[in-house]
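If you read the sequence from its start, that first residue is 1, and numbering goes on from there.
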Amino acid sequence: MHPMLNVAVKAARRAGNIINRASLNSERIQVTRKQHNDFVTEVDQAAEAAIIETLRDAFPDHGFLGEETGEITATSAADQPNHIWIIDPLDGTTNFIHGYPQYAVSIALAVDGVTQQAVVYDPNRDELFTATRGAGAYVNNRRLRVAGRTKMAEALIGTGFPYREDQDVEAYLEIFAQMTRQCAGLRRPGAASLDLAYVAAGRLDGFFEQGLKPWDMAAGALLITEAGGLVGNYAGEESYLNTGEIMAANPRIFGQMVSVLRNHSKV
């Protein structure tokens, strides 16, 4: 395992321990509403602090982009690569609050804007998804490959429903109807990083969502490409991290999803 990935795994497991301990007494968790249907808990904040502390101890010159703390600028010299850790300490907070066991810790390392390392950790199932660019993707040390299905009519597709007031629910319902007619089934578990990891593992044939942030996508996207899949926006282009519009699948399903989603792209 790459040394930087090894530290990221340590950080993810430390956050997972915090989350698991808190889940044993979920009624006492303090919840704050950031905006409509968008929550943060003291667990999110404690887990992110633990992740940053672990990474900063090992890499004091690296920067951070976290869902709860925002951007912390790197202090490395100008002639050194720009290392930024992209962190979602608890992806699926709403699920966690309700005791629905579908949430994850997501950590990615971007070097000069290119994701190089990825960890998605599911503390409920103790499943650790990892990837290093050019070295493949794994779950608990087992090599991952995307699913081999070739027909949309046989594909199980993951998605995320709009949940904030500023998202266009009506437009999404049109997409939902079109995709439902094309595929074998749609699923909305509620944690994008874990959904993307499931695409890498072949448990989902594809995934699409809009209105996401880099910390929702960065780690999962690298898992997919290292498992042989494709990731892009609804038009199949690479601008997903900056636009928040993502589609991912194995190569054959990817092209068929583009034909459905291209006209709905906001990019």
Side-chain heavy atoms under 4.5 angstrom apart, residues restricted to Ile, Leu, Val, Met, Phe, Trp, Tyr: same cluster for Tyr138 and Ile224?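 Each belongs to a different hydrophobic cluster.
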I'd like to know if [X] pairs up with [Y] as an ion pair, taking the criterion as any Lys NZ or Arg NE/NH1/NH2 lying under 4.0 Å from an Asp or Glu carboxylate oxygen.
| X | Y | value |
| --- | --- | --- |
| Asp126 | Arg13 | yes |
| Glu127 | Arg203 | yes |
| Arg125 | Asp122 | yes |

Determine whether the side chains of Asn242 and Ser239 contain a donor N or O and an acceptor N or O closer than 3.5 Å.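 Looking only at side-chain atoms, Ser239 and Asn242 do not form any donor-acceptor pair under 3.5 Å.
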Give a yes-or-no answer on whether the side chains of Asn233 and Ser265 include a donor-acceptor pair shorter than 3.5 Å.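 Result is no, nothing qualifies.
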Hey, what's the ring geometry for Phe176 with Tyr172, parallel, tilted or perpendicular (30° and 60° as the breaks)?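 Phe176 and Tyr172: tilted rings.
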Please confirm whether the backbone N or O of Met152 pairs with a side-chain atom of Gln256, one donor and one acceptor, at under 3.5 Å?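 Present.
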Within the distance-only criterion (no hydrogens, no angle test), does the side chain of Asn17 pair as donor or acceptor with the backbone N or O of Arg14 below 3.5 angstrom?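 Not a single qualifying donor-acceptor pair exists.
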Please give me the minimum heavy-atom distance between Glu67 and Pro89, naming the atom from each residue.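 Here Glu67 and Pro89 meet closest at CB-CD, 4.4 Å.
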Which atom of Tyr100 lies closest to which atom of Pro189, heavy atoms considered: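 For Tyr100 and Pro189, the tightest heavy-atom pair comes out as CE2-O, 3.7 Å.
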Would a 4.5 Å heavy-atom cut-off, applied to side chains only, mark [X] and [Y] as touching?
| X | Y | value |
| --- | --- | --- |
| Val43 | Thr41 | yes |
| His62 | Arg56 | no |
| Glu174 | His264 | yes |
| Ile157 | Met179 | yes |

Are there over 12 heavy-atom neighbours, none belonging to Arg149, within less than 6.0 Å of that residue's CZ?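 Incorrect, the count does not exceed 12.
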Please check if the number of heavy atoms outside Arg143 that lie under 6.0 Å from its CZ is greater than 12.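 Atom CZ in Arg143 is crowded, with more than 12 foreign heavy atoms closer than 6.0 Å.
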Intermediate values then yes/no, side-chain hydrogen bond (donor to acceptor under 3.5 Å, both in side chains), Glu48 and Thr69: CA-CA 8 Å; Glu48 183 160 305; Thr69 57; 2.6 Å; yes
Side-chain donor/acceptor pairs under 3.5 Å, residues 103-111, sequence neighbours excluded:
from: Tyr103; atom 1: OH; to: Asn124; atom 2: OD1; distance (Å): 3.4
from: Tyr103; atom 1: OH; to: Asn124; atom 2: ND2; distance (Å): 3.4

From CA spacing to verdict: side-chain hydrogen bond (donor to acceptor under 3.5 Å, both in side chains), Thr159, Arg188: CA-CA 5 Å; Thr159 188; Arg188 197 275 191 181; over 6 Å; no
